[in-house]
Amino acid sequence: MRSGFTSFVGKPNVGKSSIINAIMKKKVVIVSEKPQTTRNGINVIYTDNEAQIIFVDTPGIHKPLHRLGEYMVKAAVQALKNVDILLFTIDAKEGFETPEEFISDYINQSGTPTIGIINKIDLVKEDTIVEIEDKIRESVNDLIAVVRTSALTGSGLDDLLKVIKDNIPEGPQFYPDDILVDRPLSFIAAELIREKIFHFTYEEVPHSVAVIVEEVKQRDNGIVYIRANIYVERDSQKGIIIGQKGQMIKKIGESARKDIEYFVESKVYLDLHVKVKKDWRNKDFIILNEIGMRDDLE
């Protein structure tokens with residue numbers, strides 16, 4: 001048995017979460033076309049007969065504009081340390097540019113062996129991929145291999161798994177076979193609700209939204225009751241999320257409920273409330289709740 005920890009690293013919106021979901025064949029981390037969707041580090045556990053691979057899904061590294069951004073970058077940089085392999089992910093369509101040079105410096109400072117991943121290869125031509133491969137080889141000191149992938153089509157994912165398995169150490173299985181993520185249902189539910197807000201609302205709203213699950217309870221009839229607060233910064237944003245005659249919040253709730261039910265394999269009652277908390281992205285209490293550090297406050 002081989003077992004080890006791998007940490008994705010890359011700028012926002014290169015498809016790190018999509019690769020994880022494609023490998024797991026199940027949505028376990030939030031995905032959106034909008035950048036900086038992932039705010040929280042989360043361990044996703046892949047187990048088969050040969051190995052157990054723990055994928056650490058982290059926020060993309062970017063220039064922080066507020067205190068929430070500072071937490072996100074700190075989490076991403078911390079993830080470069082104390083893992084067996086880094087998965088340096090590049091969007092093939094956007095290429096290897098200044099942000100990738102910046103990130104490769106962090107990778108080299110960490111001294112951690114690295115696999116380069118060129119994702120979204122279905123969107124570009126061969127010469128573009130070769131050019132990115134060359135830049136990865138020039139920029140990363142301890143490079144194991146470069147793998148071409150498409151999370152959308154599934155291309156290259158088996159190759160990626162094989163390279164990881166060949167390079168993680170022999171060791172014990174860290175998690176039972178049936179554990180997919182190392183976070184509680186409250187965390188997963190909050191992430192899925194936030195994903196739907198990203199998907200359905202206007203461009204300016206999602207990064208001004210925090211979702212905090214206040215209660216999770218299994219009722220006698222087997223239905224899982226989940227109560228969550230959606231925090232926004234302005235009254236106008238609250239109006240957008242609720243929508244005319246409550247239609248938007250209903251749409252968000254129905255879509256999130258279906259994904260949560262698929263994850264827990266049980267009926268779910270989702271009770272959503274929208275609250276205004278001015279400038280919450282610079283408030284430690286909301287930030288720490290939002291990034292899953294609530295226990296540290298108690």
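In this structure, T128 contributes its side chain and V124 its backbone to no donor-acceptor pair below 3.5 Å. T201 places no side-chain N or O within 3.5 Å of a backbone atom of F198 that could act as its donor or acceptor partner. With E97 contributing its side chain and P99 its backbone, the two residues share no donor-acceptor pair below 3.5 Å. Not a single donor-acceptor pair under 3.5 Å links the side chain of D122 to the backbone N or O of S150. In this structure, the side chain of S266 engages the main chain of G222 through a donor-acceptor pair within 3.5 Å. Panel note: side chain N43, backbone V181; no donor-acceptor pair is recorded below 3.5 Å. Here the side chain of S255 pairs no donor or acceptor atom with the backbone of K251 at under 3.5 angstrom.
At least one side-chain heavy atom of S139 sits under 4.5 Å from a side-chain heavy atom of F96. T114 has its side chain out of reach of D142: every pair of non-hydrogen atoms, C-beta onward, lies at least 4.5 Å apart. You'll find the side chain of V56 stays beyond 4.5 Å of the side chain of V44, heavy atoms only. Between E133 and I118, some side-chain heavy-atom pair lies under the 4.5 Å cut-off. I103 has its side chain within reach of F88: a pair of non-hydrogen atoms, C-beta onward, lies under 4.5 Å apart. Looking at V232 and K277, their side chains never come closer than 4.5 Å, going by heavy atoms from C-beta outward. You'll find the side chain of P113 stays beyond 4.5 Å of the side chain of L86, heavy atoms only. For the pair L272/I193, a side-chain contact is recorded, criterion being any heavy-atom separation below 4.5 Å from C-beta on.
No more than 12 heavy atoms of other residues, nucleotides or ligands shown are found within 6.0 angstrom of CD on E170. Counting non-hydrogen atoms of other residues, nucleotides and ligands closer than 6.0 Å to CG of D158 gives a total of 12 or fewer. At most 12 non-hydrogen atoms from other residues, nucleotides or ligands lie less than 6.0 angstrom from CD of Q244.
Side-chain contacts under 4.5 Å among hydrophobic residues (ILVMFWY), followed directly or transitively, place Y269 together with I223, Y225.
Residues D259 and K196 are paired through a salt bridge, judged by an N-O separation under 4.0 Å between the basic side chain and the carboxylate. For E100 and K11, the salt-bridge test passes: some basic side-chain N is under 4.0 Å from an acidic carboxylate O.
Here the straight-line distance linking atom OH of Y106 with atom CD of E101 works out to 14.5 Å at 0.5 Å rounding. Remark: M24 CE to N21 CG distance equals 9.0 Å, nearest 0.5 Å. To the nearest 0.5 Å, atoms OH (Y175) and CD1 (I45) are separated by 5.0 Å. Note that the CD1 atom of I54 and the CG atom of D84 stand 8.5 Å from one another [nearest 0.5 Å].
A donor atom on one side chain and an acceptor atom on the other are found under 3.5 Å apart for T149 and N119.
Each ring-ring contact (aromatic ring centres under 6.0 Å, His included) pair with one or both residues in residues 107-134, not counting sequence neighbours, would appear here, but there are none.
A continuous path of Ile, Leu, Val, Met, Phe, Trp and Tyr side chains, each step under 4.5 Å between heavy atoms, connects F102 with I90, placing both in one hydrophobic cluster. Under the 4.5 Å side-chain contact rule for hydrophobic residues, I23 and V14 do not share a cluster. Hydrophobic clustering (side-chain heavy atoms under 4.5 Å, transitive across Ile, Leu, Val, Met, Phe, Trp, Tyr) groups V209 together with L192.
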With side-chain contact (heavy atoms from CB on, under 4.5 Å) as the test, would you mind laying out the steps for E233 and Q237 before giving the verdict? CA-CA 7 Å; E233 293 183 315; Q237 295 168 343; 3.7 Å; yes
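Residues that satisfy the salt bridge (Lys or Arg N to Asp or Glu O under 4.0 Å) test with R257, not counting sequence neighbours, are E261. For T47, the side-chain hydrogen bond (donor to acceptor under 3.5 Å, both in side chains) partners are Q52, not counting sequence neighbours. Not counting sequence neighbours, E131 has no partner by the side-chain hydrogen bond (donor to acceptor under 3.5 Å, both in side chains) test.
Checked against the 6.0 Å centroid threshold, F55 and F5 do not count as a close aromatic pair.
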Donor-acceptor list for residues 162-169 side chains, cut-off 3.5 Å, not counting sequence neighbours:
from	atom 1	to	atom 2	distance (Å)
K162	NZ	D166	OD2	2.9
K165	NZ	D48	OD2	2.5
K165	NZ	E50	OE1	2.9
N167	ND2	V163	O	2.7

